[in-house]
Amino acid sequence: MKKGDHLFLVDGSGYIFRAYHALPPLNRKSDGLPVSAVLGFCNMVWKLLRDARDTAVGVTPTHFAVIFDYSSKTFRNEIYPEYKANRSEPPEDLVPQFGLIREATRAFDLPCIETEGFEADDLIATYARLAVEAGGDATIVSSDKDLMQLVGPCVSMYDPMKDREIRVPEVVEKWGVMPEKMIDLQALTGDSIDNVPGVPGIGPKTAAQLLEEYGDLDTLLTRAHEIKQNKRRENLIEFAEKARISRELVRLKTDVPVEIGLDALALDSAANGPKLIGFLKAMEFSTLTRRVGEATGVDPASVEAATVEVQAKAEAHGPDLTVPATGIEEEGAEGEVAPDRMDDADTPQKLAKKLADAAPADPFDHSRYVCIRDLETLNHWVDEARETGLLAIDTETTSLDPMQAELCGFSLATAPNRAAYVPLNHRNGKDDLLGGGLVDGQVKLEEALAVLRPLLQDPSVLKIGQNLKYDWLLLYRHGIEIAPYDDTMLISYVLEAGSQAHGMDALTERWIGHTPLSYKEVTGSGRSKVTFDMVDLERATTYAAEDADVTLRLWKVLKPHLAARGLASVYERLERPMVSVVGRMEHRGITVDRQILSRMSGDFAQTAAAMEEEIYQLAGGRFTIGSPKQLGEILFGRMGLPGGAKTKSGQWSTSAQVLEELAAAGHELPRKIVDWRQVTKLKSTYTDALPGYIHPETGRVHTSYSLASTTTGRLSSSEPNLQNIPVRTVEGRKIRTAFIAPEGRKLISADYSQIELRVLAHVADIPQLKQAFADGLDIHAMTASEMFGVPVEGMPGEVRRRAKAINFGIIYGISAFGLANQLAIPREEAGAYIKRYFERFPGIKDYMERTKAFCREYGYVETVFGRRAHYPEIRSSNPSIRAFNERAAINAPIQGSAADIIRRAMMRMDAALADNGLGDVQMLLQVHDELIFEAPEEAVERAIPVIRTVMEGAAWPARTLSVPLKVDARAADNWEEAH
DNA sequence: GTGGTCTCCTA
DNA sequence: GTAGGAGACCACA
C-alpha cells in the first residue's frame, strides 16, 4: 500500500445488526430463509466497489476488507468480566444471516477478517493505523460511535445507510469533543449495552463539558475534588477506578497481530463474476444478479446457483440451554404504547442505549412541580395524559400496607419535570389533639377519583408505576382497576434479577444518576415521624411529584432494554400480568380462626412453662433459654458437654442438629431444649403473631406477595409469611386447622407433584426419569432401584430415603459435603453416591457442567421460558463463593422454570374458572408449588378438574415439556385437611 | 430504634 | 447442597 491508496474497512458485524433493523424483512421465496441483511450487505458492497466515487466518500477504494467479530470473549473480558455481559441473543431470523454474510464476502472475493480474542473494532483500528503508516487513507464503513476515536486527517467514517461521511467536524458536532477525546468521553459515560460501567450520572453532555474544562480523564480524576456539584464530585471520586477500567474497555487496540497483511487487501480489478453471480442466484436476489451480470459481462443464465450452507448458529452465540423465548403464544397485553422513537436508533440496543445516555442529561427541576388543588386543573392534567398516552402515577398513603392504607393524595407525571401532586386528605399539624382539621383547598377524594377513574382504565393511556401492585391494590379498594400498565420495578427485575436491586432509589441512582428526596426526610423518623397526610403541601408536592417524575424517567430508560435484550416476552407473559392476579389474591385474603389459635397459644404457654422449669432444674439455674449465647455457655461450658459445630462468629452452635446429637448420646437437657424451641417457635411465630394480621374490616388475613425479591422467579410472602406455615410435625400441622373456609364454602388445595424433578428430567433430558414420570412411577424408588440395584418391590424405607435425598441434592446443585450432612453419613460415602448417580444418569452431569459454563460466560442462567437469573459472583476468585454460585446457578433454571409454570397457571386461572361458570371460585394463596382456593361447597367438584387442567397444562403452548405435569387436589373445611 | 446473628419454619 | 421470611436476643447508636 502506498500514498494515494485508499483502504475501505467494512464493519461487517455492525452492519449486520444495522441492516437487519433498518431494512424491511425479506425472505427467500423458495424456502423462506430470512435474507434482508444479506441483500442489504450485497447491495452496499456492490455499490462501494462499483461507484464509491458517487457516494459521499467520493473516492474509489484500492484496498478493501470486511471485518467481523470472532466471538463474544475478548481480552476485554479479562479486564472486566462483566463486559458485554448484558448481551442479548440475536433475533431468530437474523441468526442464519451471520454465516450468509461471510459467504457473500467470499463471493465478492473480498478478504473476510476476524481474529480470536478481538472485536471487529480492534481489527479495524489496527488496519487503519497500518494504512496511515503506509501513507494511504482509510475509510471505515460504519456509523458506530465506538469507532469515532479513530477519525483523523487520514481516517474517516462512512455511514452507508445515510450516505454520509463522518470526519473530524462531524464528530465534534455530535459529541462536543475531538475524536481522540472520544475514549475519555466514553470512559466517563459508560455504555449500558456493552456494560461498560463509566461514572453514574455523567452523560455525553456533562462528559464533554468536563473534558473541555480539565483536558483529559486523568487530569479530571485527579482534580475531581474541585468540582462544585456534590453528587458529580462524589461519583467521580468513587467511580474513578471504574472510569479507568472503562477507558481500557473502549480504547481500541491498534496493534492486533494480523495474519493478512495490507497488500493482501488490494482489490483485484477483475471481479469474479461467475462466483458472485452463483451466490446471488442462490440467494434469489434477481435484480442484483442482473446488474452484476451486466457489469461483468457474464450471463447469469449460464451460471449455476451456488450451494450455500446455512448455519443455524449465530456468531458469538453461547451454548443453547433453552429454546429462545420468542414466538408462539398469546399476544402481549393491550394498550402497549411504544417509547419515544429516535431518528437514528436503528436497533433496540441503540434505542435503549440512547435513552439511557439521555437520562442523566435532563436535570430535575423541582420548581416546576405543581400542586393541584382544584378539579379544573386536575382535568387539565387528565387531558394532557390522554394526549401523551403516558402517565406515571404514584399514590401517597398513611401505611405501607395497601390493605390498610388511607389515600392521602396521588402524584402524576406526563413528561420529565412535568409532574404534579394532588393532595386529598392532608391535615393540619399537631396543634389539635383530634388530629387537626383538613387542609383547605383540596380536591374531594371521591370527586378526584371520579375524574381519575376513566383515565386509569382508559385502554389508550399506559399507566406507569414503581411497585405498581401497591397502587393497583389501593385503587382496587376504591373500585378502580388500573389498565393497561407497566411497572418499572418489574422491568428491572426481568432485566437484572440477582445482580441489582429494584427499589426506586437504587434504580434512580443507577439509571438516572439522581438521588430522589427520601421519605424519611419528608415525614421525619423515630419519635417525630408523622404520616404523610400530616406533611405540609409544599414538601409533599416536591416529594410525591418527584416520585412520579422519576418513575416516568425510569420507564423511558428501562423499557427499551427489554426488547434490546430479548426479554420483552418474559416481562409481558410472566411478570406484568401478575400485578393484577396477585393483587386480587391479596385483596381476597383468607379466613383465620382466632379462637383456634388462641386456644393453641394457651396450651403452648402452659407446655413451655412446664418445660422451662425442667430445663432450669437440669441446668442448675435460671437463664435465658432463647439466648444461644447463654445456652452455649451452659451446655458446653458449665456442663462440659462435647461441642460440635461452631457458628461463623466462633460461638458453639446450638442448632437443632447439634442438640439432637447430644440427645441421642443420652443427654437429657438438649432434648428438652429442642422440644422447648419447637413449642415457643410455634407460639411466637404462628399462634401469637397470626391473629395480629387479621384485618379489622375484612376479618381475614391478607399477606403481601413480593413479585421481585427472589433471583429465581419465585414469589415471596410476608406480613405474614403464609408460605412457611408448619406442616412437617403433627403439632405444627395443627396450625393449619386455623386456616378455614367461611360457612358454606370449602378450601381447595392443588399442588404440583414433584414439579422440580420433572423440570429437571426435561431440561437435563434424562430418559429414565422421563420414562418413570410418563409411567407414573414412584420416582425416588425408581432412582434407588437404578442406583443400588434393589427392586422397587419390597424396598427398605432407608434405601428410598437416601435416593430421595440425592434427588433433592441434585436439584440443589449437590455437594458431597451437603449430602453427607443431610444423610448423616461420611463424606466419602456421599461422594460415592454422587459418583454412582452421575454414572447412572450421565445427562445430569452434562446439564450441570453446561449450566455452569454458560453462567460463567454470560453471568446468568435461563429458565425454560427465558427468565434470567444473574450470578455475577460465579466468577469470584474465592472458591467457596464460586462454588455457592455454581450450585445456585444449577438450581435456578429448575426452581425458576417451576416458578414460571405456576405463574402461568395463576395468570390463566381466574378466566378459566369464570369461563366454566365458576366465577365464585377464588384463588387465595400460592405456596411455590401449591395453590389454595376458596369455593362454594356445591362448586368444588366442578372446580377441581378445571384447576387441575389449567395447572397441568400451564407450560403449553409456550413450551411442550417432555414430561407430564401432575397435580393433586383436595377440598376440605380447613387447610390441614385439604393439603 | 437499628442492624447483625442465630435459629427455624416452608417449598 | 437451592429459594425465602420472621422472631428472639444483643450490641450498637
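Source: prediction; values computed, not measured. Values below: every heavy atom of this structure, side chains too, minus hydrogens, waters and symmetry copies.
At a threshold of 4.0 angstrom between heavy atoms, the contacts of A/G809 include nucleobase atoms, whether or not backbone atoms are also involved. At the heavy-atom level, A/A805 lies under 4.0 Å from base atoms of the strands shown. Backbone-only contact: A/T710 has heavy atoms under 4.0 Å from sugar-phosphate atoms and none from a base. If you check every strand for non-hydrogen atoms under 4.0 Å, A/S706 touches nothing. Within 4.0 Å of A/E930, counting heavy atoms only, lies no atom of the nucleic acid at all. Residue contacts shown for A/Q651 are absent, as no nucleic acid heavy atom lies under 4.0 Å away. At a threshold of 4.0 angstrom between heavy atoms, the contacts of A/I814 include nucleobase atoms, whether or not backbone atoms are also involved. Backbone-only contact: A/A656 has heavy atoms under 4.0 Å from sugar-phosphate atoms and none from a base. A/R714 comes within contact range of at least one nucleobase, with a heavy-atom separation under 4.0 Å. Residue A/I725 is in sugar-phosphate contact alone, with no base atom involved, counting any heavy-atom pair closer than 4.0 Å across all strands shown. Residue A/F817 is classed as a sugar-phosphate contact, given heavy-atom separations below 4.0 Å to backbone atoms only.
Phosphate contact (OP1/OP2 of B/dC8, side-chain N/O of A/Q657, threshold under 4.0 Å): absent. The side chain of A/T680 contributes no N or O atom lying less than 4.0 Å from OP1 or OP2 of C/dA8. Not one side-chain nitrogen or oxygen of A/T685 sits closer than 4.0 Å to the OP1 or OP2 atom of C/dA8. Between A/R728 and the phosphate of B/dT10, there is a side-chain N or O to OP1/OP2 separation shorter than 4.0 Å. For A/T647, a side-chain nitrogen or oxygen approaches OP1 or OP2 of B/dC6 to under 4.0 Å. Dashed line: the shortest gap from a side-chain N or O of A/K629 to OP1 or OP2 of C/dA8 is not under 4.0 Å. One finds a side-chain N or O of A/S716 lying less than 4.0 angstrom from the OP1 or OP2 phosphate oxygen of C/dG5.
The A/P726 side chain lies nearest to B/dT10 when the options are B/dT10, B/dC6, C/dG7. Each of B/dC6, B/dT10, C/dT2 was ranked by its minimum atom distance to the side chain of A/S649; first place goes to B/dC6. Ranking C/dC10, B/dT7, C/dA6 by closeness to the A/Q630 side chain, first place goes to C/dC10. Each of C/dT2, C/dG7, C/dG5 was ranked by its minimum atom distance to the side chain of A/Q895; first place goes to C/dT2. Distances from the side chain of A/S653 to the nucleotides C/dA3, B/dT7, C/dG5 place B/dT7 closest. Closest contact between the side chain of A/L819 and the listed nucleotides C/dG1, B/dT10, C/dA3 involves C/dG1. Distance from the side chain of A/E719 is smallest to C/dA6 among C/dT2, C/dG1, C/dA6. Taking only side-chain atoms of A/R887, from C-beta outward, the nucleotide of B/dA11, C/dG4, C/dT2 with the closest atom is C/dT2.
A salt bridge between A/R802 and A/E829 is present, with a side-chain N of the basic residue lying under 4.0 Å from a carboxylate O of the acidic one. Under 4.0 Å is where a charged nitrogen must lie from a carboxylate oxygen, and between A/E798 and A/R801 at least one such pair does. Ionic pairing of A/K469 and A/D487 is not present here: no N-O contact between side-chain nitrogen and carboxylate oxygen is shorter than 4.0 angstrom.
Spacing between atom CD1 of A/I625 and atom P of B/dC6 amounts to 20 Å, rounded to whole angstrom units. Atom CD1 in A/I755 sits about 20 Å away from atom P in B/dT10, given to the nearest Å. Between the CZ atom of A/F739 and the P atom of B/dT10 there is a distance of 13 Å, rounded to whole Å. Distance A/Y705 OH to B/dT10 P: 16 Å, rounded to the nearest Å. Protein atom CD of A/Q926 is 12 Å distant from nucleotide atom C1' of B/dT10, rounded to whole Å. A straight line from CG of A/L631 to P of B/dT7 spans 9 Å, rounded to a whole angstrom. Nucleotide C/dT2 holds its P atom 9 Å from the OH atom of A/Y812, rounded to whole Å. For A/Q723 and B/dT10, the CD to P distance is 13 Å, given to the nearest whole Å.
Side-chain atoms of A/K681 and base atoms of B/dC8 include a donor and an acceptor less than 3.5 Å apart.
For the residue pair A/T515 / A/E509, a side-chain donor-acceptor distance below 3.5 Å is found, with atom types taken as modelled.
Between A/T624 and A/A888, the residue anchored closer to the 5' end of DNA chain C is A/A888, taking for each the nucleotide with the nearest heavy atom.
Within the 4.5 Å cutoff, the side chain of A/E586 has heavy atoms near those of the A/S704 side chain. Residues A/F623 and A/I625 form a side-chain contact, since some pair of their non-hydrogen atoms from C-beta on lies under 4.5 Å apart.
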Yes or no on side-chain contact (heavy atoms from CB on, under 4.5 Å) for A/L715 and A/M906, after CA distance, side-chain angles and deciding distance? CA-CA 12 Å; A/L715 306 185; A/M906 292 166 72; 4.2 Å; yes
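Separation of the A/Y837 and A/Y833 ring centroids does not fall under the 6.0 Å cut-off.
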